[in-house]
Enquirer: 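Quick one: the structure is below, questions incoming.
In the text below, chain A, chain B and the rest are named by the order of the sequence lines, each starting its count at 1. Since the model is a prediction, treat every value here as computed from it, not as a measurement.
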Amino acid sequence: MRHDVLEDIFSRVTGARIFKNRDILRPDYVPDTLPHRDDQIRALGSILAQALKGTKPNNVFIYGLTGTGKTAVTKYVLKRLAEKASELGVPFTYAYVNCRQSDTAYRVLADIAESLGLRIPFTGLSTAEVYRRIVRALNSRRILFTIVLDEIDFLEKGKGENLLYKLTRINEELTATQVSLIGITNDVKFVENLEPRVKSSLGEEELVFPPYNALQLEDILMERAREAFYPGVLEEGVISYCAALAAKEHGDARRALDLLRVAGEIAEREGAEKVTINHVQRARIEIERDRVEEVVKTLPLHAKMVLAAVYILTAPNRNATTGEIYSTYKTLCRAAGLEEVTQRRVSDILNELDMLGIINARVVSRGRYGKTKIVKLSADPDAVVRALKEDFRVGPALSSTSNR
DNA sequence: CTTCCACAGGAACCAGCGGACC
DNA sequence: GGTCCGCTGGTTCCTGTGGAAG
């Protein structure tokens, strides 16, 4: 995202030599070794190894917080298994679906179909039709098929459940092929709310990925840093500092890697010879800022309007209520010549902004004075306002009404 | 103890769009 | 070219509710 062609050229010219291979620190890079995940690799491996004998492996459910290596381990084991299977001449394939990217039943099925080599249009077919095609494709050949549903909790409620139910029962419709499922989630509550029949079927085996502690994160970072950076460019303590920061946030390895990568980028940008702890501190701020701007920029129009209203009403020590926000929002809309949405919708928008971590909304009862949400900005206000101004010109309205 | 504010948030439904099918 | 989809971003109507004021 922050990759900049010119930057590379500049740094080469100015002779900054920080990164040997930056991509190794990217979150989607699957390394050859996964430190401190031997137990999980062994467990998953022994479950899936059934496939090599030509029998269907049990379905697996994998839990663990973000950045605990669930995806990496799963991909790694499946890749190795597929290699082994083709070596042994066992017909085995798998589909990997990220349910956050493909967050509807239709898209999940489309992804699965595509890994089977079917061509499925973006839209236009009914989900039932896609499902039928998958069944037909599976029946026409003889393979063991594993479906990975990563971030399964992102499937919409109701419909998603239906899909899961269907997938757990798909074997009943199949003759030649057997399908096993791997569900991955970081939301423990998701499993609790699952329909019992789906839960029991999907959870034939369960695997828990514990968070990494600071020391383990350090090992991971060391390993990657060796490949990613030139020797000696990391100042003493940088790795353990990244590890410590990420360990505080529930041992998220992705976070740790991001910090290290961005710190390196900052160092390179300013032509420093070494990556220092100060670079890491700035990296933390920059990552957060980028995230906020990215999220705000892609917000729908009225969500931006609502956010602008929140911005105007909240100062460091002042919170806003739903009612206040709604009337400010209406004023903004009128000023911009827009039709305003209902308060009901604004209430939902506030919840959405809360979930995105841009604002902080909690419902309180003020007794006689009713029940409301009190809202404050939780993201960096400067980042918010910068993103708002960029593609939507509330600039003048904001600065003239702003109480900052 | 009751009232009653100021909303929360569920349910159902809708318009309009892009896109594939036949 | 009509028909059928799913998705997004709404709408309408609604019942529910914590706790200060009376």
Enquirer: Give, ordered by number, those residues of residues 107-115 of chain A having at least one heavy-atom distance below 4.0 Å to an atom of DNA chain B; if nothing qualifies, reply none.
Expert: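 Within residues 107-115 of chain A, no residue comes under 4.0 Å of DNA chain B.
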
Enquirer: Measure the distance from CG on Leu299(A) to C1' on dG9(C) and round it to the nearest whole Å.
Expert: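 Nearest whole value for this atom pair: 13 Å.
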
Enquirer: Would you call Arg344(A) and Asp348(A) a salt bridge, using N to O less than 4.0 angstrom?
Expert: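 The answer is yes: the pair qualifies as a salt bridge.
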
Enquirer: Roughly, in whole Å, what's the span from CD in Glu129(A) to C1' in dC22(B)?
Expert: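 It is 12 Å, rounded to the nearest whole Å.
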
Enquirer: Can you give one letter per nucleotide of nucleotides 2-9 of chain B, going 5' to 3': B for a protein heavy atom under 4.0 Å from the base, S for sugar-phosphate only, - for none?
Expert: -BBBBSSB

Enquirer: Flag the pair Glu288(A) and Arg291(A) as a salt bridge only when some basic side-chain nitrogen lies within less than 4.0 angstrom of an acidic carboxylate oxygen.
Expert: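 Salt bridge present between Glu288(A) and Arg291(A).
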
Enquirer: Could you tell me how far apart Tyr106(A) (OH) and dC7(C) (C1') are, to the nearest whole angstrom?
Expert: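 It works out to 12 Å between those atoms.
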
Enquirer: Test: side chain to side chain donor-acceptor pair (under 3.5 Å). Region: residues 323-338 of chain A. Which pairs qualify, not counting sequence neighbours?
Expert: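 Sorted result for residues 323-338 of chain A: His302(A)-Tyr329(A).
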
Enquirer: Centroid-to-centroid, Tyr63(A) to Phe61(A), below 6.0 Å?
Expert: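 Ring centroids of Tyr63(A) and Phe61(A) are less than 6.0 Å from each other.
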
Enquirer: For Glu340(A) and dT12(C), give me the distance from atom CD to atom P, rounded to whole Å.
Expert: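 Interatomic distance, CD of Glu340(A) to P of dT12(C): 12 Å.
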
Enquirer: Looking at Arg261(A) and Glu265(A), does any basic side-chain N land under 4.0 Å from a carboxylate oxygen?
Expert: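 Counted as a salt bridge, because a side-chain N and a carboxylate O are separated by less than 4.0 Å.
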
Enquirer: Hey, is Arg22(A) close enough to Glu227(A) for a salt bridge, meaning N to O under 4.0 Å?
Expert: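 Looking at Glu227(A) together with Arg22(A), the answer is no, because their closest N to O distance does not fall below 4.0 Å.
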
Enquirer: Expressed in angstrom and rounded to an integer, what is the separation of Lys304(A) atom NZ from dT8(C) atom P?
Expert: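 Roughly 17 Å, once rounded to whole Å.
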
Enquirer: Are any of the side-chain nitrogens in Arg289(A) or Glu294(A) under 4.0 Å away from the carboxylate oxygens of its partner?
Expert: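 No, this pair does not count.
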
Enquirer: State plainly whether the residues Arg255(A) and Asp258(A) are in salt-bridge range, i.e. N to O under 4.0 Å.
Expert: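 No, no charged N to carboxylate O under 4.0 Å.
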
